[in-house]
2 protein chains.
Amino acid sequence: MSSLVGTDSSELGRGARLPRSARRKQLLAAAQQVFVANGYHAAAMDDIAERAGVSKPVLYQHFPGKLELYLALLDTQAEMLGAAVNEALAATDDNRARIHGVLTAYFEFVDRSDGDGAFRLIFETDLGNDPAVRERVEAVAQQTMQAVADTVAGDTGLDRAQAELLSTALTGAAQVAARWWLAEDRPISQEDAVRLMESLLWRGISNFPRQGEAGH
Amino acid sequence: MSSLVGTDSSELGRGARLPRSARRKQLLAAAQQVFVANGYHAAAMDDIAERAGVSKPVLYQHFPGKLELYLALLDTQAEMLGAAVNEALAATDDNRARIHGVLTAYFEFVDRSDGDGAFRLIFETDLGNDPAVRERVEAVAQQTMQAVADTVAGDTGLDRAQAELLSTALTGAAQVAARWWLAEDRPISQEDAVRLMESLLWRGISNFPRQGEAGH
DNA sequence: ACCGCGTGGAGGTCAAGATCGGCGTGCTTC
DNA sequence: GAAGCACGCCGATCTTGACCTCCACGCGGT
């Protein structure tokens with residue numbers, strides 16, 4: 001989605017007025033660029049205002065403070081990842097396809113076509129010690145882990161704690177590998193990467209003894 | 001190892017002198033507690049000095065600045081994790097046992113008997129945007145990933161990029177699952193957790209088509 | 001002309017990293 | 001025994017970045 005950021009400073013010039021909702025979107029876009037590039041702590045409201053081509057009081061007209069601005073962006077990203085994961089899980093009853101879908105959701109989340117790097121707000125936040133941030137990041141992780149644990153438990157004879165451990169391992173693998181893949185500038189195609197990881201993880205899951213089977 | 005922190009403030013009292021090297025160790029112990037609990041940004045040098053029972057100038061006598069103090073701790077943790085992983089890999093030629101060893105190294109790293117939580121400096125740093133910090137964290141990750149990729153490549157017919165992707169997935173799974181396991185207060189024993197994850201990951205790896213085999 | 005709205009130049013406030021200038025103790029030397 | 005030195009230490013303060021706010025401006029609609 002093309003943001004308003006780049007065009008505003010040049011086309012609108014300083015002091016150019018926007019309707020309130022357009023301005024808010026524009027501020028969010030500018031803030032996202034600065035937070036993604038610098039992290040929360042090294043991002044100054046001055047920098048964000050400058051990037052947006054406005055003065056600082058304008059930021060405070062739309063957001064109570066720096067943290068709220070950050071949380072607004074975080075919420076958007078959390079919602080996007082959560083929705084993608086839910087959609088992947090809901091799309092099929094086949095457990096292997098579900099794993100494939102979740103992996104794809106993670107890879108697509110880090111590699112959105114606009115290349116905005118907003119995944120870092122979720123996966124690489126430097127504000128993880130803030131309760132509001134931690135709550136949001138953990139909520140997405142928890143939601144995904146629980147749903148995948150349902151899948152794992154359904155396909156193995158494992159109890160819930162074991163299923164949750166493996167589910168956490170799976171989502172951890174997805175998150176870290178997707179970020180590595182992007183950082184290494186996509187050494188293999190996303191499709192191949194997802195298929196490879198699905199193979200790794202599904203072979204592992206599907207070869208667990210099922211309910212009632214003797215361990216081998 | 002019992003630190004000097006707790007005893008110094010009560011037994012030595014304010015202004016109590018220590019030899020330079022003993023003081024440095026004590027300052028590091030105090031700093032670690034504060035950085036682990038609060039993260040880099042929310043940890044103040046005042047807090048660290050107070051925890052150590054000294055004044056702030058004493059910190060600056062031993063460390064050029066806050067960042068250098070943090071890096072000293074980070075280096076120690078990076079060295080410990082790296083050494084544990086190398087030891088696990090060197091202990092056997094059996095690839096499955098190597099995976100087991102690496103997983104164990106991660107779980108033991110997060111769950112050291114002193115419960116100091118120092119793993120957070122590596123796995124949950126809020127200073128990841130600082131070049132010096134990022135370099136150290138990535139060096140450990142890279143070292144582990146390369147070594148495990150050697151194992152993966154040795155046991156599958158995968159090319160290097162594919163092996164590195166799976167290796168990253170494996171170490172990502174280990175890191176995230178070990179932290180979850182600790183945060184959930186060890187819902188299953190460490191041994192069971194490691195065995196379960198080894199099963200997941202090893203079944204996945206060992207069932208890849210080998211060199212020259214047709215894909216099935 | 002007035003009002004509402006969106007806006008900005010300037011600055012207040014303060015937390016926190018870092019430093020200044022000096023203190024006190026114990027040992028050595030005369 | 002006194003003086004000097006080395007070492008480890010600290011109260012007070014400086015400096016500065018950055019969050020947030022004050023107070024007024026300008027434009028467009030009525």
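Since the structure is predicted, the reported quantities are computational estimates derived from the model, not experimental observations. Throughout, a chain's letter reflects where its sequence line sits, starting with A, and its residues are numbered from 1.
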Problem - Side chains of Y70(B) and V133(B) in contact at under 4.5 Å (non-hydrogen atoms) - result: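 They are in side-chain contact.
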
Practice task
Select from H41(A) and P64(A) the residue whose nearest nucleotide in DNA chain D is closer to the 5' end of that strand.
Solution key: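 By nearest-heavy-atom nucleotide position, the 5'-most residue is H41(A).
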
Problem - 5′-ward residue of the pair L67(A)/S21(B) relative to DNA chain D - result: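 Closer to the 5' end of DNA chain D: S21(B).
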
Practice task
Could you grab the distance from atom CD of Q175(A) to atom CZ of F123(A), nearest 0.5 Å is fine?
Solution key: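 Reported value, rounded in 0.5 Å steps: 4.5 Å.
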
Problem - Straight-line distance of L121(B) CG to Q32(B) CD, nearest 0.5 Å - result: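 Output value for this atom pair is 6.0 Å.
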
Find the distance [X]:[atom1] to [N]:[atom2] and express it as a whole number of Å.
| X | N | atom1 | atom2 | answer |
| --- | --- | --- | --- | --- |
| M45(B) | dT15(D) | CE | C1' | 16 Å |
| Q61(B) | dC10(D) | CD | C1' | 9 Å |
| I48(B) | dC10(D) | CD1 | P | 15 Å |
| L59(B) | dC9(D) | CG | C1' | 12 Å |
| Q26(B) | dC9(D) | CD | P | 8 Å |
| L18(B) | dC10(D) | CG | P | 10 Å |
| F63(A) | dT21(D) | CZ | P | 15 Å |
| E68(B) | dG17(C) | CD | P | 13 Å |

Handout entry: Charged N-O contact under 4.0 Å between E164(A) and R160(A)
Key =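 The answer is yes: the pair qualifies as a salt bridge.
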
Practice task
Would you indicate which nucleotide in dG8(D), dA18(C), dT21(D) comes nearest to any side-chain atom of P57(A)?
Solution key: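 Nucleotide nearest to P57(A)'s side chain: dT21(D).
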
Handout entry: Candidate nucleotides dG11(D), dG17(C), dT21(D), ranked by approach to the side chain of Y60(A) - the nearest
Key =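 Of dG11(D), dG17(C), dT21(D), dT21(D) is nearest to the side chain of Y60(A).
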
Practice task
Give a yes or no on whether a donor-acceptor pair under 3.5 Å exists between the nucleobase atoms of dC7(D), that is its base, and the side chain of R17(B).
Solution key: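 Side chain to base: pair present.
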
Exercise for the section: Without swapping roles, check the side chain of R136(B) against the backbone of A132(B) for a donor-acceptor pair under 3.5 Å. Expected result: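 Side chain of R136(B) to backbone of A132(B): a pair is present.
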
Practice task
Could you check whether A42(B) gets within reach of a base, just the sugar-phosphate, or nothing at all, counting any heavy atom under 4.0 Å?
Solution key: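 The residue A42(B) makes no contact with any strand.
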
Handout entry: Side-chain N,O (R23(B)) to OP1/OP2 (dC9(D)) below 4.0 Å
Key =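 Checking dC9(D) against R23(B), a side-chain N or O does come within under 4.0 Å of OP1 or OP2.
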
